[in-house]
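Here is the structure we will look at, set down as C-alpha cells.
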Amino acid sequence: MYRIKAANTYEKRPEDPRGNSYVDYRHKKQDKLDEQLNQQKIDDLFVDCVIMLNGRLEPSANYLRQLIGTHGGKVVFQYMPGVTHIICQNLSASKFIQYSKKTIPVLLPKYILSCVEHKTLLDTTEFILPQLLLEQTQQTQQTQQTQAQEPSPEFRMSQINFNYVVEPVVLDPDSERIQQKLQNLEQQIKIYQLNEIAQIDYGEVIQNVQNTDSQKSSPTQLQYIQNSPVKTHDKINVREYHEQSRLHHLSQWKVEAQQFLIQNPPQGPKPNDTAAPLFMHIDIDCFFVQASYSALSAQQQLLYQSLPLCVCSSSNTGQNSTADIASCNYVARSYGIRNGMWLRTAQEKCKELVILKYDFQVYSEQSKRFYQNLLDISSQIMPVSCDECYIKLSGLISNKEEFMTELKAKIKRSTGLITSIGLGSSLIQARIATKLGKPNGQIHIGKEQFIELIKHKTVDFLPGIGQETATVMNSIGIYSVGDLQHAQLNLLQQTFGEIKGQQLFNSSLGIDSLVFKPIQGGQQQKSKQLQVSQNFGVRLTTLLQLKQFIYNLLVELQAKQKERNQQINRIILHLNVVAKNANPQWAKNGGCGQCEKTTSSCSIQGEVTEYYEQILEPILSQFRVEDVRGADIVGVCGEQQPEIIRNKTNKINDRTSLNQFKELLNNFQEQQQNTNLITGDISQIDQIQDENVREKVKQVIGLQIIKRGNLDDVLKYDDFQQKNYYMQQMWGEFL
DNA sequence: TCAACAGCCAAG
DNA sequence: CATCGCTTGGCTGTTGA
Ligand SMILES: Nc1ccn([C@H]2C[C@H](O)[C@@H](COP(=O)(O)OP(=O)(O)OP(=O)(O)O)O2)c(=O)n1
C-alpha cells in the first residue's frame, strides 16, 4: 500500500508544516505574520555570508530567509557574484550541470538549521547536496568565499521542482491487532444496532431541518473519551459543533446572501453596458468587531472606545490561549495583530487587547440589513461574503464622491456599521481601491493610477496571491507587484501553469481574472460540490464511534443536499489522521493538529447516509481510530447546467507595445464584464498602430471567428480552460 | 480528445 | 475553565477509455 506524500515534508519544525490539511495553512499564515513582525537580529553568525536560496525548500524559503536574516546573513534568490552558499533541495538536470561546475558549495537547507543550532558555521562537507556529492567531494575544501563567474540565463531562472515521492506506509505493528479487535468488538456490540439508532437519528435530523428546532441529544452523537486532551462538559455532535463555529457560519452566510438576492432581486437600474465600465466593491470594516461592539451597552462602548479590540471565542485572561482571533479593529492592527491570529500571539503584541464575544445572531441580522441597503443601487450584485460584495455601476453614477458618501451614510444609519468603498473599471481595481482606502475609505482608482499605486506593494497584496504563491514568486525573484508587472510572462507560465501564470500577470496590471457573475433573480444557485467537515474536538476510541461520526457528517450533508435541492453523485471522504511526528506543543487546543489525509470515495445511489460504512471500509486498515482528528466529506453534485461562460484569460506578451496591448485588452475585458460575451466592435483592432501587434490580434480573433462562425460562439466555446490543447488552439498565435 | 478524478490554493 | 481549524470554487496534472 502506498500513499502519496509531498517530497519535502519537514517534520522537525512543527510550526511550519507543509503538505497537510488546510489546518496547517493556518499555522503557516501565523508563522508568516510572526516572522514579519519579529525581525530583530539575534547574532552575527552568517554575517559574512551571502546565501542563495533556490527552488522549493523545506523549511520554506521565507522561513530560511528570516532565520538567516536574524543571524546577520544576506539572502538572495538568484545567482549573483559574491554568493557564498547555495541552498537547494531538488536539482533539475540543467541546474545539476550548472551547479556541479561552480566552486560554491551547494547545500541542503539542513545546513542553515544546524549552524543555527550549533551557533557556528559548520563544515559544509556533511551537507552537500547528495546529487552533487560524487562530483564535488574533491573540491569542497577550498570552495568557500570564492568569487563566482557570470551567471548563465538558465541559472537565473529558478525552476520549481514539484516532484513527488511514493513512500510506503509503515503500519503501526499494533494497528492490525487493534483493527481485528475493533472489528470483533463491533460485531459483538451488534452492528445492526447502529443501523437502528441511525434510522432514528436520521428522522430526527430531517425533522429538525424542517422546523429548525435545536436538536435534543441523540444517541448517535460523538462521545468524548474520558481524560482526553479535550475536556468537555457536554457531548456534542456535528450540528451542535457547527452552531459554534465562526467559519461554518461565515460560509453559510455567504450562501444565504446569495439566496437573499435571489429572493429579493435588486430593484436598482440596469447598468448601461455601452457606458464606461464601473464597478464598486464594498466591505464592512472589521465586521465582527463592529457588530459585537454595537451590541454592547452604551457604557461599555464608551469604555472600549479607541481601545484595541478583537472578537475571539476565548474570554480568558490566561496568557496561553490558542483561540483564533476572528476579527480585530484597526487599533489592534497597529500592534501587528491580524485576523486569524492566535490569541496568545496577539496578546504578546498587545497586553491590553480587549476580547469581545461572538454574536452570530447579530452578525446574521446585520449582514441582511447591509444587503438590504444595496438593492436599489443597481440590478447587478455579486456577493463575496456576508460583509462584502461587488456591484456594477456602469453608466449609473454621475457624482462618484457624493454617491459613495451617501451610501456609506445610509448604511451607517441603517446598521450602525462603517464601510469602505472602492470604485474601479474592473473588479480587481475596485477591490484594491477598497483595500487601500480602509478603514472608512472611499476611493475611485483610475486605470492609470492603479499600476502606479500598487507598484511598491509586496506581491501578496494582490487578491489571489497567498502564502504559497508568494513564496514561489519570491523564489523566482519576484517580490513586489512592480516586479510582477515587469516579469517575463513565459517564466510565470512555466512556473504557475499557463492560465494561472497569465492571471497573476494580468492581476498586477488591474485586469480581472475573476468574472463578474451577478445573482440572477429567481434562479436557484447550484453548487458543484457540497461539503461538511469537522476537524475540531474529535477524539474517538472505538470504531463504532468513528462510524457514528461519519454518519453524523453524512446526515448533515444530506440535510444540506435536500435544503438546496441538489443531487449528489459521489462522495469523497478525507479522514484527517494525526501525523506521525506531529508536535503536540504546537497543536491548537482541541484542534486536529498536523494531520495526514486518508482519502476514500464512492458513487452514490440513493441516500448518502447509507454509505457510512462503505466509504470507510477501504481505508480502515490505514489508521488507528484514536488517531483520527477530523474528517471532510465532499459530495460531488450532478446534473450541473453547463457553464456558458468559462474563464477567459487575455494574452499579452509583446513588450514593445505593452501599453497598446493593455489598452486593447482592458477594453476587451471591460466588454466581457459588461456583456459577459464579447459581441462587440472589433474594428478597434484596426486602430492598433503597431502592424505586428495588429496582425497578431486579428489573426487570433479572426481565426476563431472563422472556426466557430462568430465571436459569440468563440467565447461560448470557452472550454479551453479544461485543456491546454485549447489554449494552444485559441491563443497559440500569440505565444 | 476529453471527462473524470485527485490535489493544491485562496478567500472570508 | 480550554475551544468551536468551514466551505466553495478555480486551476493543475494525471489517467484511462
Ligand atoms: N481568518 C478569518 C478571516 C475573517 N473572518 C471573519 C471575521 C471578519 O470580520 C469577517 C470578514 O472578513 P474580512 O476579511 O472582511 O475582515 P474584516 O471585516 O474583519 O476586516 P477588514 O475588512 O476591515 O479588513 O470574516 C474570520 O472569522 N476569520
Side-chain angles (χ1 to χ4, degrees), chain A residues 4 6 18-27 29-30 162 164 229-233 236 238 240-255 258 283 287-288 312-318 320-324 326-327 339-340 342-343 358 360 383-388 460 462-470 472 496-503 513-515 517 525 527-538 560 569-570 572 574 576 587-593 595 597 599 601 629-630 632-634 636-637 643 646-647 649 719 721-726:
Chain A
I4 304 290
R18 299 183 76 104
N20 291 307
S21 65
Y22 77 97
V23 165
D24 301 312
Y25 169 70
R26 295 281 160 192
H27 292 166
K29 205 163 177 181
Q30 177 104 17
F162 290 105
Y164 283 82
V230 182
K231 290 176 197 137
T232 171
H233 51 88
I236 61 163
V238 174
E240 285 169 11
Y241 165 67
H242 280 174
E243 284 303 310
Q244 321 256 5
S245 160
R246 78 184 201 283
L247 289 172
H248 170 81
H249 285 295
L250 214 52
S251 306
Q252 225 45 48
W253 293 332
K254 175 174 180 174
V255 176
Q258 291 169 348
D283 184 333
F287 178 44
F288 282 19
C312 173
S313 68
S314 167
S315 54
N316 88 321
T317 42
N320 214 20
S321 170
T322 58
D324 274 19
S327 180
N339 288 3
W342 283 3
L343 182 61
Y358 287 102
F360 295 127
V384 177
S385 71
C386 63
D387 79 325
E388 186 178 344
D460 58 0
L462 291 173
I465 302 187
Q467 162 84 61
E468 290 304 308
T469 312
V472 175
F496 295 101
E498 206 139 19
I499 296 175
K500 189 76 191 156
Q502 183 76 53
Q503 289 183 339
S513 48
L514 184 66
V515 176
K517 290 180 189 160
Q525 295 269 120
S527 326
K528 294 175 173 51
Q529 80 239 23
L530 297 173
Q531 183 185 332
V532 174
S533 310
Q534 178 172 350
N535 290 291
F536 183 91
V538 178
K560 192 176 280 198
N569 290 341
R570 217 174 98 249
I572 305 158
H574 299 282
N576 290 316
K588 181 185 186 68
N589 198 337
C592 60
C595 283
K597 278 191 192 307
T599 301
S601 73
R629 289 290 177 274
D632 310 279
I633 296 186
V634 181
V636 181
C637 299
E643 281 243 357
R646 290 293 188 119
N647 210 348
T649 308
D719 251 337
Q721 83 163 20
Q722 180 78 17
K723 211 54 187 169
N724 291 346
Y725 171 75
Y726 283 111

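To find a chain, count down the sequence lines: A is the first, B the second, and so on, and within it residues start at 1. Excluded from the calculations below are hydrogen atoms, water molecules and symmetry mates; all remaining heavy atoms, backbone and side chain alike, are included.
- Between A:Phe536 and A:Tyr241, the two ring planes are parallel [angle under 30°; tilted spans 30° to 60°].
- For the pair A:Thr322 and A:Leu343, the minimum side-chain heavy-atom distance is 4.5 Å or more.
- Contact check, A:Lys500 against B:dC8: no side-chain N or O comes under 4.0 Å of OP1 or OP2.
- Within the 4.5 Å cutoff, the side chain of A:Ile572 has heavy atoms near those of the A:Val636 side chain.
- Distance A:Gln467 CD to B:dC8 C1': 14 Å, rounded to the nearest Å.
- The phosphate of C:dT7 has OP1 or OP2 within less than 4.0 Å of a side-chain N or O from A:His242.
- Atom NE2 in A:His574 sits roughly 12 Å away from atom C1' in C:dT7 (whole-Å rounding).
- A:Ser533 and A:Asn535 are not linked by any side-chain donor-acceptor pair at a separation below 3.5 angstrom, with hydrogens and angles left out of the test.
- Under 3.5 Å, the side chain of A:Ser251 and the base of C:dC6 form at least one donor-acceptor pair of N or O atoms.
- The residue among A:Gly497 and A:Gln252 whose nearest nucleotide of DNA chain C is located toward the 5' end is A:Gln252.
- Distance from the side chain of A:Ser385 is smallest for B:dG12 among the nucleotides C:dT7, C:dC4, B:dG12.
- Contact check, A:Arg246 against C:dG5: a side-chain N or O comes under 4.0 Å of OP1 or OP2.
- Summary of the strand contacts: A:Phe496 and A:Thr322 both lie near DNA chain C, and taking for each the nucleotide with the nearest heavy atom, the more 5' one is attributed to A:Thr322.
- The side chain of A:Phe536 approaches C:dC4 more closely than any other nucleotide in the set B:dA10, C:dC4, C:dT7.
- Residues A:Glu243 and A:Phe360 are not in side-chain contact: their nearest non-hydrogen atoms beyond the backbone lie 4.5 Å or more apart.
- You'll find that the side chain of A:Pro463 is closest to B:dA11, out of C:dG5, B:dA11, C:dC4.
- In this model, the phosphate group of B:dA6 is approached by a side-chain N or O of A:Ser601 to a distance below 4.0 Å at OP1 or OP2.
- Interface remark: the A:Gln529 side chain does form a donor-acceptor pair with the C:dG9 base, using a distance-only criterion of under 3.5 Å.
- Contact check, A:Ser513 against C:dG10: no side-chain N or O comes under 4.0 Å of OP1 or OP2.
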Hey, mind stepping through A:Ser601 and A:Arg570 against side-chain contact (heavy atoms from CB on, under 4.5 Å) and telling me if it holds?
CA-CA 7 Å; A:Ser601 73; A:Arg570 217 174 98 249; 4.3 Å; yes

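- One can place CD of A:Gln534 at 8 Å from P of C:dC6, the figure rounded to the nearest angstrom.
- Taking A:His248 as the reference, A:His242, A:Ser245, A:Gln252 meet the side chain to side chain contact (heavy atoms under 4.5 Å, CB included) condition, with sequence neighbours excluded.
- At least one side-chain nitrogen or oxygen of A:Ser321 sits closer than 4.0 Å to the OP1 or OP2 atom of C:dT3.
- A sub-4.0 Å separation between OP1 or OP2 of C:dA2 and a side-chain N or O of A:Ser315 is present.
- Close to C:dT7, at under 4.0 Å from its OP1 or OP2, lies no side-chain N or O of A:Ser527.
- When the side-chain nitrogen and oxygen atoms of A:Ser314 are compared with OP1 and OP2 of C:dT3, one or more of them lie within a distance under 4.0 Å.
- With rounding to whole Å, A:Trp253 atom CH2 is found 11 Å from B:dG12 atom C1'.
- Between A:Gln244 and C:dT3 there is no side-chain polar atom (N or O) within less than 4.0 angstrom of OP1 or OP2.
- The nucleotide whose nearest atom lies closest to any side-chain atom of A:Val532 is, among B:dA10, C:dT3, C:dT7, C:dT7.
- The shortest distance between the side-chain N/O atoms of A:Lys597 and the OP1/OP2 oxygens of B:dA6 is not below 4.0 Å.
- Listed candidates were C:dG5, C:dT7, B:dG12. Nearest to the side chain of A:Lys588 is C:dG5.
- Between A:Arg570 and B:dA3 there is no side-chain polar atom (N or O) within less than 4.0 angstrom of OP1 or OP2.
- Within the 4.0 angstrom heavy-atom criterion, no nucleotide atom of any strand lies near A:Val255.
- Counting non-hydrogen atoms under 4.0 angstrom, A:Ser245 reaches the backbone sugars and phosphates but no base.
- The distance from atom NZ of A:Lys588 to atom CG of A:Asp324, rounded to the nearest 0.5 Å, is 3.5 Å.
- When rounded to the nearest whole Å, the span between NZ of A:Lys254 and P of C:dG9 equals 7 Å.
- Separating the CG atom of A:Leu514 from the C1' atom of B:dG12 is a distance of 14 Å, rounded to the nearest angstrom.
- Taking the side chain of A:Val384 as heavy atoms from C-beta on, and the options B:dG12, C:dT7, B:dA10, the nearest nucleotide is B:dG12.
- With B:dG12, C:dT7, C:dT3 as the candidates, the nucleotide lying closest to the side chain of A:Glu388 is B:dG12.
- At a threshold of 4.0 angstrom between heavy atoms, the contacts of A:Glu243 with the nucleic acid are absent.
- Residue A:Asn535 places at least one side-chain N or O closer than 4.0 Å to OP1 or OP2 of C:dC6.
- In this structure, CD of A:Gln503 is placed 12 Å from C1' of B:dC9, rounded to the nearest angstrom.
- Between A:Asp283 atom CG and B:dA11 atom P there is a gap of 13 Å when expressed in whole angstrom units.
- The shortest distance between the side-chain N/O atoms of A:Tyr241 and the OP1/OP2 oxygens of C:dT3 is not below 4.0 Å.
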